[in-house]
2 protein chains.
Amino acid sequence: MERAPSVVDVARVAGVSVGTVSNVLNRPQVVAAATRARVEKAIAELGFVRNAAARSLAAGSSRTIAFVAADLTNTFFLDLARGAEEILEKAELNLVLANCDSREDKQRAYLDLFEEERVAGLLVAPRQDLAGQVLGPRARGMRVVLLNAEPPEPGVCSVQTDNRAGGYLAARHLIELGRTRLLFAGARRFPAVVDRLEGARLAVAEAEGVTLEYLATVGVTTEDGRAVAESVLARDPAARPDGLLAGADLLALGVVQAAAADGSVAIPGDLAVVGYDNNRESWGSMTPLTTLDQAGVEMGREAARLLLEELREPAGHEHATVVMEPVLVPRASTLGHPGG
Amino acid sequence: MERAPSVVDVARVAGVSVGTVSNVLNRPQVVAAATRARVEKAIAELGFVRNAAARSLAAGSSRTIAFVAADLTNTFFLDLARGAEEILEKAELNLVLANCDSREDKQRAYLDLFEEERVAGLLVAPRQDLAGQVLGPRARGMRVVLLNAEPPEPGVCSVQTDNRAGGYLAARHLIELGRTRLLFAGARRFPAVVDRLEGARLAVAEAEGVTLEYLATVGVTTEDGRAVAESVLARDPAARPDGLLAGADLLALGVVQAAAADGSVAIPGDLAVVGYDNNRESWGSMTPLTTLDQAGVEMGREAARLLLEELREPAGHEHATVVMEPVLVPRASTLGHPGG
DNA sequence: TTGAAAGCGTTACCAT
DNA sequence: ATGGTAACGCTTTCAA
């Protein structure tokens, strides 16, 4: 356990030069079969493992991509990671993950870390109000693709979903079900939430006799959802909404849970609820949630493709913003029980 | 964007030697305030960012720890990561994550990757039947601590939960509620599941007139749970169990979902269900799940502490196996509705 | 307190 | 097809 064996040890044991060892490692075709065998034998005997640090230092480039995610507990982010991994794997690139836990300081720290590590590229699904943090690394030459966030300035690739369309679809769905008093709950500090609200407004404007109200929440957690339910339940029954658009699934889940616990508001009977995210964490919901699916895996794939493109042609690369359409997944929280 | 500025650029601009630059980076106390200021100014001007590869190559040690997880979609693993991060952060160590998606090849690949990267240490929460994969890296001198898995051989630290105790607690809980026909469902290829079953057997042996039956499943997913429900529903009502011990929460969740969809078996009325994991993904369950919580965050902390210890005293380090006690979290799937 | 120079383990290039 | 050698960017002696 002295010191890990290096290429020079391998070279010595195999009776060849270090250049040849490097060749069997990187361009096996150019080395004679017999020599290659000797080198491979030496590698096995010594238990030699390449030193990636030395490698990327000498080669001037790393083979790993980092994915910095705002919150990995939301399965949407993990779907993004999976999609990206799938594409990167084919390009023989590795993907490592970092979880920022929705904390500004962690996001900053991980971005710094990966910049120091000179990873080949950065996939960043930031806390939406903190997308600007990628500007520094970008300016210093890092390749970065943003996911699920508005590019803070042109010239950075991104993959987003059309949140306005999502909001529109959600509202339309409720309107088509005959709901007329809609309530949108969410935290305006998230740009995505603002867009969804706008989309919902659009759908309401197109309809006759439908109203839309906005209820501000602190965040978009289950707890925030319970607060929304409380606020709704506190109202005179006649003044209650009959359709709820939640800024996120967890928020919707909180509402559904609290409503069930209280018992005086039936879902979807009295109140139809639409979430957003298709977060697996809410899949087990008492009343399966109608939601907007953002096709996370496909977004991740797309982001990885964009990044690969930028890596391959650093020069003639067109910065693109890919916008994907969310799709409505109707379930019991608006449709009622499967049997009915 | 030519070439990133290096310490020698900084040194030139600041009018000092590279050694001095390195000193302000690593041992700021030893350099005169004035010089330090000049260097810091140069660093800011140039937008210098340390190269971690060069750093760990020269210093012979990295400042990052990798966490290789079998399946990050299970929030338990993310809790482990959080706990570890909390401790490592204080030691100025970074934590990067890798998701193996329960795939043997990915787990292998990530272990290889991090060994090549010469990370300072490895935290591995493997697929339980693949804990042996850490043996290679260990033998070559990597510091590794296993989480949630039996050490494949003595001499490797690990943090586990007492699965027998968990199984025992789960069964005892059902027995105390008066259930007498217990069914344990799970996949025996997971050592943890086997232990839980054993624990359950123990509790049953202590009780009068209680029977325990084992039902093999393919895995421990929601889908497997639905299959379990199907199998139970196919039986003559008199031959059905009245208490179910599931090998994991998702499995339990599937049972609950399928039972609700069918409607002929009330939970917990006809069948009380206990899960295992306290997986957040099942928190929204129609019937909140009674489960065993494994204190993931604390396990993560403990693993990180063990790893730090091993890093600090490579020599006189005692390999430890820390076993933590799971705690029963009783909820509606065994107790019935909160109001009743 | 600062400078000079020797590595760290690999790749890449130029000879051979 | 193979060998020799100069980088890569940093840390770490050791002297001054």
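Order of the sequence lines sets the chain letters (A, B, ...), proteins ahead of strands, with each chain counted from 1. When reading the values below, keep in mind they use all heavy atoms of this one structure, side chains included, and skip hydrogens, waters and symmetry mates.
Atom pair Arg55(B):CZ and dT11(D):P shows a separation of 6 Å (rounding to whole Å applied). Following rounding to the nearest Å, Leu57(B) (CG) and dG9(C) (C1') show an atom-to-atom distance of 5 Å. Atom C1' of nucleotide dT10(C) and atom CD of Glu116(B) are separated by 12 Å, given to the nearest angstrom. Atom CZ of Arg38(B) is separated from atom P of dT1(C) by 15 Å (rounded to the nearest Å). Atom CD of Glu117(A) is separated from atom C1' of dG9(D) by 15 Å (rounded to the nearest Å). With rounding to whole Å, Leu25(A) atom CG is found 9 Å from dT10(C) atom C1'. If you take CZ of Phe48(B) and P of dG9(D), they are 10 Å apart, rounded to a whole angstrom. Between the C1' atom of dG9(D) and the CD1 atom of Ile43(B) lies a distance of 14 Å, rounded to the nearest Å.
At least one side-chain nitrogen or oxygen of Ser17(A) sits closer than 4.0 Å to the OP1 or OP2 atom of dG3(D). OP1 or OP2 of dG3(C) sits under 4.0 Å from a side-chain N or O of Thr20(B). A sub-4.0 Å separation between OP1 or OP2 of dT10(C) and a side-chain N or O of Asn51(A) is absent.
Between the CG atom in Asn74(B) and the CZ atom in Arg280(B) there is a gap of 10.0 Å [rounded to 0.5 Å].
Between Asp277(A) and Gln294(A), the closest side-chain pair of non-hydrogen atoms falls below 4.5 Å. Arg143(B) has its side chain out of reach of Cys157(B): every pair of non-hydrogen atoms, C-beta onward, lies at least 4.5 Å apart. For the pair Val96(B) and Leu113(A), the minimum side-chain heavy-atom distance is below 4.5 Å.
Looking at which nucleotide of DNA chain D each of Val18(A) and Arg36(A) is closest to, the 5′-most match is held by Arg36(A). Between Ala59(B) and Gln29(B), the residue whose closest nucleotide on DNA chain C is further toward the 5' end is Gln29(B). Both Ala34(B) and Arg118(B) sit near DNA chain C, but only Ala34(B) has its closest nucleotide nearer the 5' end.
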**Prompt:** Does the salt bridge (charged side-chain N to carboxylate O under 4.0 Å, His left out) test come out yes or no for Glu85(B) and Arg103(A), once each step is laid out?
**Reply:** CA-CA 13 Å; Glu85(B) 203 177 15; Arg103(A) 273 171 46 186; over 6 Å; no
Report task. Verify side-chain contact (heavy atoms from CB on, under 4.5 Å) between Val134(B) and Leu122(B), making sure each step is shown before the conclusion. Result -> CA-CA 9 Å; Val134(B) 304; Leu122(B) 236 28; over 6 Å; no
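Across all strands shown, Val16(A) has heavy atoms under 4.0 Å from sugar-phosphate atoms exclusively, and none from any base. Among the heavy atoms of the strands lying under 4.0 Å from Val30(B) are primed sugar atoms or P, OP1, OP2 only; no base atom is included. Residue Arg27(A) is classed as a sugar-phosphate contact, given heavy-atom separations below 4.0 Å to backbone atoms only. Gly19(A) comes within contact range of at least one nucleobase, with a heavy-atom separation under 4.0 Å. Here Ser6(B) lies in heavy-atom contact (under 4.0 Å) with sugar-phosphate atoms only. Backbone-only contact: Thr35(A) has heavy atoms under 4.0 Å from sugar-phosphate atoms and none from a base.
Side chain of Ala32(A), nearest nucleotide from dT12(D), dT2(D), dG9(C): dT2(D).
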